[in-house]
Amino acid sequence: MRLTVLEGQSKVVVMTEVWFASGNNGKINEMKMLLNRLINDGRVQLHHQGELPVFSAPPETGTTFLENARIKARALKAMKPGTWVFGEDSGLQVEGLNNLPGVHSARYAGPKAQDAENVAKLLKMMTLRPMPNRKAAFVSTIVAFDPQGTEHIFEGKLEGEIAKAAKGTQGFGYDNVFIPPGEQKTLGELGLAYKNKISHRAKATAPFIEALEKSVGE
Ligand code: ITT
């Protein structure tokens, strides 16, 4: 839905609803920051699935980030046709664990696992290997549907390595064990302003912002 807002008598700002198919507050918070220029100048209103009176998140049955992002975006698109809708699937791939937890990152320690339990399992799995390869990457895939229903795909990756112990309290998921290139500290210590400049999600969101700008006007 598009709302037209008159500012004084001279400027017309077109506000576009963009719906995010996510129930993860860490992701929603980051997306608000990443899209903040469009949000602050009134071109975009960012909403998420939790604002709907009724919404049942679909099971993530895909075997790839792309499939799962598409499943999430399609489910919300069915509720919000005619608007921009997007889903994001992301995860951590650790070289020494054959790229696990990968698409299972959210549920690595079990179906209802909390972040701390997933991190504990990851660190434990690393200690089970004598000389674990700590190289890792965060991956983000966004599937967006524009108001006409055309699908857009955006991807981003952040390479780094897994710390020997969790450190820092900022961010979510595996941020407190992920050390980006050239740093000694984890993303949990470095904080969100730092993370949003380099993250997998920021990289996937940059071309998404361009597509939104084309659609809503620069
Ligand atoms: P939605 O599907 O509702 O968006 P989710 O948490 O289930 O939320 P995913 O299925 O995409 O999302 O799983 C992503 C998991 O990967 C997430 O729960 C974290 O454990 C991890 N992860 C992804 N991006 C991360 C990041 O930026 N920092 C830390 N961990 C991240």
Side-chain angles (χ1 to χ4, degrees), residues 18-34 46-52 55-76 79 85-94 97 99-123 125 136-144 154-163 166-180 183 185-205:
V18 178
W19 282 84
F20 186 15
S22 179
N24 178 321
N25 288 331
K27 285 189 190 180
I28 294 167
N29 192 22
E30 284 182 21
M31 274 299 169
K32 275 188 195 150
M33 290 170 79
L34 292 167
L46 183 64
H47 297 279
H48 59 87
Q49 65 191 41
E51 294 172 45
L52 292 175
F55 181 73
S56 172
E60 294 179 30
T61 50
T63 55
T64 62
F65 296 111
L66 175 60
E67 284 171 5
N68 281 336
R70 187 178 279 140
I71 287 170
K72 291 184 244 193
R74 276 193 183 149
L76 191 56
M79 306 289 288
V85 172
F86 71 104
E88 192 257 17
D89 202 61
S90 47
L92 178 68
Q93 297 178 319
V94 181
L97 299 176
N99 283 339
L100 286 174
V103 291
H104 308 291
S105 293
R107 294 162 293 280
Y108 192 37
K112 293 197 174 158
Q114 303 292 308
D115 287 346
E117 295 168 307
N118 287 329
V119 166
K121 175 164 180 189
L122 176 74
L123 291 174
M125 296 302 282
F138 273 131
V139 177
S140 164
T141 301
I142 290 174
V143 171
F154 310 102
E155 291 170 317
K157 189 173 195 176
L158 172 64
E159 294 185 337
E161 63 180 68
I162 302 302
K167 278 193 191 155
T169 54
Q170 300 186 69
F172 70 97
Y174 300 89
D175 281 340
N176 59 6
V177 285
F178 190 91
I179 302 176
E183 298 290 348
K185 293 184 175 179
T186 68
L187 287 177
E189 296 173 287
L190 292 162
L192 269 187
Y194 177 98
K195 179 180 176 186
N196 282 341
K197 287 194 187 122
I198 59 158
S199 80
H200 50 309
R201 190 162 294 107
K203 287 176 189 160
T205 305

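Start at 1 with the first residue, then count along the sequence. As the structure lists them, so they are numbered: ligands from 1, and atoms in each ligand from 1. These figures come from a predicted structure and were not determined experimentally.
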Inset, instruction - Decide if atom NZ of Lys203 counts as having more than 12 heavy atoms of other residues, nucleotides or ligands within a radius under 6.0 Å. - result: yes
Inset, instruction - Spell out, as yes or no, whether a donor-acceptor pair under 3.5 Å connects the side chain of Asp89 to the backbone of Thr141. - result: no
Legend entry - Side chains of Met125 and Leu122 in contact at under 4.5 Å (non-hydrogen atoms): no
Inset, instruction - Give the residue and atom name of whichever protein heavy atom lies nearest to atom 12 (O) of ligand 1, and the separation in Å to one decimal. - result: Lys27 NZ, 2.9 Å
Legend entry - Any Asp175 heavy atom less than 4.0 Å to ligand 1: yes
Inset, instruction - Check if Asp89 has a non-hydrogen atom at a distance under 4.0 Å from any atom of ligand 1. - result: yes
Legend entry - Contact with ligand 1 for Gly91, non-hydrogen, under 4.0 angstrom: yes
Inset, instruction - Could you see which bit of Tyr108 sits under 4.0 Å from ligand 1, with heavy atoms only: side chain, backbone, both or neither? - result: neither
Inset, instruction - Taking the side chain as every heavy atom from C-beta outward, state whether Glu60 and Ile71 have any pair of such atoms under 4.5 Å apart. - result: no
Inset, instruction - Classify the ring geometry between Trp19 and His47 as parallel (under 30°), tilted (30 to 60°) or perpendicular (over 60°). - result: parallel
Legend entry - Identity and separation of the nearest protein heavy atom to atom 8 (O) of ligand 1: Asn24 CB, 3.3 Å
Inset, instruction - Decide whether the shortest distance between a heavy atom of His200 and an atom of ligand 1 is less than 4.0 Å. - result: yes
Legend entry - Gly23-ligand 1 polar pair, N/O distance under 3.5 Å: yes
Inset, instruction - Taking the side chain as every heavy atom from C-beta outward, state whether Val139 and Glu155 have any pair of such atoms under 4.5 Å apart. - result: no
Legend entry - Any donor-acceptor N or O pair under 3.5 Å, side chains Glu88, Ser140: yes
Legend entry - Closest candidate by heavy atom, reference atom 14 (C) of ligand 1, pool Ser90, Ser199, Ser105: Ser90
Inset, instruction - Provide the number and element of each atom of ligand 1 under 4.0 Å from a heavy atom of Ser22. - result: 1 (P), 3 (O), 4 (O)
Legend entry - Contact atoms of ligand 1, heavy-atom distance to Lys195 under 4.0 Å: 26 (C), 27 (O), 28 (N)
Inset, instruction - Indicate yes or no for a side-chain donor-acceptor contact from Asn118 to the backbone of Ala109 under 3.5 Å, with no hydrogens or angles considered. - result: yes
Inset, instruction - Starting from atom 18 (O) of ligand 1, locate the nearest protein heavy atom and write down its residue, its atom name and how far away it is, to 0.1 Å. - result: Ala106 CB, 3.5 Å
Inset, instruction - With sequence neighbours excluded, tell me which residues meet side-chain hydrogen bond (donor to acceptor under 3.5 Å, both in side chains) with Ser199. - result: none
Inset, instruction - May I ask you to identify the nearest protein heavy atom to atom 10 (O) of ligand 1, giving residue, atom name and distance to one decimal place in Å? - result: Glu60 OE1, 2.9 Å
Legend entry - Flag if over 12 foreign heavy atoms under 6.0 Å of CD, Glu51: yes
Inset, instruction - Below 4.0 angstrom from a heavy atom of Lys72, which ligand 1 atoms are there? Numbered from 1 as shown, please. - result: 1 (P), 2 (O), 4 (O), 9 (P), 10 (O), 11 (O), 12 (O)
Legend entry - For atom 24 (N) of ligand 1, closest protein heavy-atom neighbour: Arg201 NH2, 2.9 Å
Legend entry - Selected option - heavy-atom contact closest to atom 30 (N) of ligand 1, from Tyr174, Phe65, Phe178: Tyr174
